[in-house]
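Contents: one structure, followed by commentary.
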Amino acid sequence: MAFYTYVSISGEGKVLRFSMDPSDGSLELLGETAAPGRPAPMAASPDRRFVYVGRRDDLEVSSYALDAATGDLELVGTAGLESDPCYMSTDRAGRYLLSAYYNAGHAAVHAIGDDGAAAGPPVEWVATGTGAHCFQTDPTNRYGYVPHIAAGPGPNAIFQFRFDGNTGRITPNDPPRVSPENPDGPRHFCFHPSRDIIYVSNEQGCSVTGYNLDPATGGLSPFQTLSTLPEGFEERNSCSQIQITPNGKYVYAPNRGHNSIAGFAVGDDGRLTALGQTPAEAVPRAFGIDPTGSYLYSAGLESGRLAAFRIDDATGGLERIATYDVGEGPMWVLAVEV
């Protein structure tokens, strides 16, 4: 097995390729792949044979074949997009590329060909609302969710869809959305690996909310919300991404403003316990957890550096073990095992 970490550098039009040593979490720069036009969101296919990069200025998605032996990315296709994407993922079967569009207020589905390349035009281009920020299907591949933040005209809701894995079509679920009681602004989410639960980072609320997922209907219902900030902090802040360790023991969500990574322990019932905050690079917009669940890599959008942390499996604590200069405007961190 080989471990690779990819970082999109939006200000320099490239994707950096690193190898990761699972024994100590150290990264070795292997090279870079040109990706002009402000590359930002990235996604890997379920079998990790392909990587997709959204290029926000060029309004395109580039599809790459991943060489398992070297980590190299070989371009296999480029497709035009209707607007600039802020998030990408594939459905659970790897047949469709899902994307969310903050400014355009849409969610899209593109078919993926046998060659691994995403193709246009989209199978679906669905108007949702300003601030659409994420799009993923659930582990059964029958339901999809698109959270929307609360800033400006954002609807402050998670849109719920039924997903057809054969056609890529999405239709509103019943109910079609779930909304926080407060203007929390749901942004990104992750699935618990063994429970019918998702955890959502709230951009404006600076918090994390746990939702139960009804596997029979696909409906979400909130059961807990915890702050990502220390008590008494009143300066400007917003949450960004959220991820859970592969073993389901810990959840992490960065703070932009406080410039920290909030940690949470996951109980046997799925409820969270706050672990506090670990200092991070300035404006930690993007981060990734390696497939072993032992290391976390957080990119500072303003600092241009990537911080590597060791995750203490017993406590969930983060220990910074290295810092890497990566370039102007790191926007996404993608860690894979092949």
Exercise. Do the non-hydrogen side-chain atoms of Asn259 and Glu302 ever get within less than 4.5 Å of each other?
Worked result: no
For this session: State, to 0.1 Å, how close Ile321 and Asp24 come at their nearest heavy-atom pair, and which atoms those are.
Result: CD1-O, 3.4 Å
Exercise. Is the closest side-chain donor-acceptor distance between Ser260 and Asn255 under 3.5 Å?
Worked result: yes
Seminar exercise, completed: Of all heavy-atom pairs linking Ala280 and Ile261, the shortest is CB-CG1, 4.0 Å
Exercise. Any luck finding a side-chain donor-acceptor pair between Ser99 and Tyr101 under 3.5 Å?
Worked result: yes
Exercise. Quick one: does Glu124's side chain get under 4.5 Å of Arg169's, heavy atoms only?
Worked result: yes
For this session: Report the distance from atom CD of Glu328 to atom CG of Leu301, rounding to the nearest 0.5 Å.
Result: 9.5 Å
Exercise. Of Ile242, Leu275, Thr245, which meets side-chain contact (heavy atoms from CB on, under 4.5 Å) against Val251?
Worked result: Ile242
For this session: Spell out, as yes or no, whether a donor-acceptor pair under 3.5 Å connects the side chain of Arg17 to the backbone of Tyr6.
Result: no
Exercise. Looking at side-chain heavy atoms only, is the closest gap between Asn247 and Asp313 below 4.5 Å?
Worked result: yes
Exercise. If you measure only the distance, is there a donor-acceptor pair under 3.5 Å linking the side chains of Ser221 and Asp214?
Worked result: no
Exercise. So do Arg49 and Leu66 actually touch side chain to side chain, heavy atoms under 4.5 Å?
Worked result: no
Exercise. What class does the angle between the rings of Tyr102 and His133 fall in, given that below 30° is parallel, 30 to 60° is tilted and above 60° is perpendicular?
Worked result: perpendicular
For this session: Go through the structure and list residues passing salt bridge (charged side-chain N to carboxylate O under 4.0 Å, His left out) with Asp312, not counting sequence neighbours.
Result: none
Problem set entry | Heavy-atom closest pair, residues Pro291 and Pro246 | O-CG, 3.4 Å
Exercise. Between atom CG of Asp21 and atom CZ of Phe3, what is the distance when rounded to the nearest 0.5 Å?
Worked result: 9.5 Å
Problem set entry | Nearest-0.5 Å distance, CG of residue Asp325 to CG of residue Leu29 | 11.5 Å
Exercise. Under a 4.5 Å side-chain heavy-atom rule over Ile, Leu, Val, Met, Phe, Trp and Tyr, are Leu59 and Trp125 clustered together?
Worked result: no
Problem set entry | Minimum heavy-atom distance Phe135-Ser89, with the two atoms named | O-OG, 2.6 Å
Exercise. Do Thr228 and Gln277 pass the side-chain contact (heavy atoms from CB on, under 4.5 Å) test, and can you show the C-alpha distance, the side-chain angles, and the key distance before you say yes or no?
Worked result: CA-CA 8 Å; Thr228 60; Gln277 298 77 27; 5.7 Å; no
Seminar exercise, completed: Residues at least two apart in sequence or cross-chain that pass salt bridge (charged side-chain N to carboxylate O under 4.0 Å, His left out) with Arg187, listed by chain then number, are Glu203
For this session: Could you go through the side-chain contact (heavy atoms from CB on, under 4.5 Å) check for Val123 and Thr167 one step at a time?
Result: CA-CA 8 Å; Val123 174; Thr167 65; 5.8 Å; no
Problem set entry | Spacing of Thr171 atom OG1 and Gln160 atom CD [to the nearest 0.5 Å] | 12.0 Å
Problem set entry | Under 3.5 Å: donor-acceptor pair, side chain of Ser10, backbone of Gly329 | yes
For this session: Side-chain contact test, heavy atoms from C-beta onward, threshold under 4.5 Å: evaluate it for Leu272 versus Val266 and give yes or no.
Result: yes
Exercise. Within the side chain of Asp138, is there an N or O that forms a donor-acceptor pair under 3.5 Å with the backbone of Tyr143?
Worked result: yes
Exercise. So, the side chain of Ser240 versus the backbone of Pro284: is there a donor-acceptor pair under 3.5 Å, distance only?
Worked result: yes
Problem set entry | Whether Phe189 and Tyr145 hold their rings parallel, tilted or perpendicular, with breakpoints at 30° and 60° | perpendicular
For this session: Begin from the C-alpha positions of Tyr87 and Gln241 and carry the test side-chain contact (heavy atoms from CB on, under 4.5 Å) through to its verdict.
Result: CA-CA 11 Å; Tyr87 189 95; Gln241 299 183 7; over 6 Å; no
Problem set entry | Chi angles and distances behind the side-chain contact (heavy atoms from CB on, under 4.5 Å) call for Ser194, His192 | CA-CA 6 Å; Ser194 60; His192 191 286; 3.2 Å; yes
Exercise. Is atom CD of Glu319 surrounded by more than 12 heavy atoms (other residues, nucleotides or ligands) closer than 6.0 Å?
Worked result: yes
Problem set entry | Donor-acceptor contact below 3.5 Å, side chain Gln243 vs main chain Phe287 | yes
Exercise. Any sub-3.5 Å donor-acceptor pair from Asn141's side-chain atoms to Phe163's backbone N or O?
Worked result: no
Exercise. Can a donor-acceptor pair be found between the side chains of Arg256 and Ser238 at a distance below 3.5 Å?
Worked result: yes
Exercise. Out of curiosity, Leu97 CG to Tyr52 OH, how far, rounded to the nearest 0.5 Å?
Worked result: 7.0 Å
For this session: For Ala132 and Val146, work out which heavy atoms get closest and say how close.
Result: CB-CG1, 4.0 Å
Exercise. How are the rings of Phe159 and His148 set relative to one another: parallel (under 30°), tilted (30 to 60°) or perpendicular (over 60°)?
Worked result: tilted
Seminar exercise, completed: On a heavy-atom basis, the closest approach of Val76 and Ala117 is O-CB, 3.9 Å
Exercise. Can you tell me how far OG1 of Thr137 sits from CD1 of Ile170, rounded to the nearest 0.5 angstrom?
Worked result: 11.0 Å
For this session: Evaluate the side-chain proximity of Asp290 to Met20: yes if any heavy-atom separation is below 4.5 Å, no if none is.
Result: yes
Exercise. Heavy atoms, side chains only, cut-off 4.5 Å: are Thr323 and Glu281 in contact?
Worked result: yes
Exercise. Counting N and O atoms only, with roles assigned by atom type, does the side chain of Tyr324 sit under 3.5 Å from a partner on the main chain of Leu27, one being a donor and the other an acceptor?
Worked result: yes
Problem set entry | Single-linkage hydrophobic cluster Val338~Tyr64, side-chain heavy atoms < 4.5 angstrom | yes
For this session: Give a yes or no answer on whether the side chain of Asn237 reaches the backbone of His258 with a donor-acceptor pair at less than 3.5 Å.
Result: yes
Exercise. Is there a donor-acceptor contact under 3.5 Å from the side chain of Asn212 to the main chain of Ile197?
Worked result: no
Exercise. Are Val61 and Leu98 connected in the hydrophobic side-chain network, where two residues link if heavy atoms are under 4.5 Å apart?
Worked result: no
For this session: Show your working on side-chain hydrogen bond (donor to acceptor under 3.5 Å, both in side chains) between Ser83 and Asn103 and close with a plain yes or no.
Result: CA-CA 8 Å; Ser83 185; Asn103 293 315; over 6 Å; no
Problem set entry | Tyr295 side chain near Ser26 side chain, heavy-atom distance below 4.5 Å | no
Exercise. Which pairs with one or both residues in residues 80-98 pass salt bridge (Lys or Arg N to Asp or Glu O under 4.0 Å), sequence neighbours excluded?
Worked result: Arg56-Asp84
Exercise. Would you find a donor on one side and an acceptor on the other, under 3.5 Å apart, between the side chain of Ser63 and the backbone of Ala118?
Worked result: yes
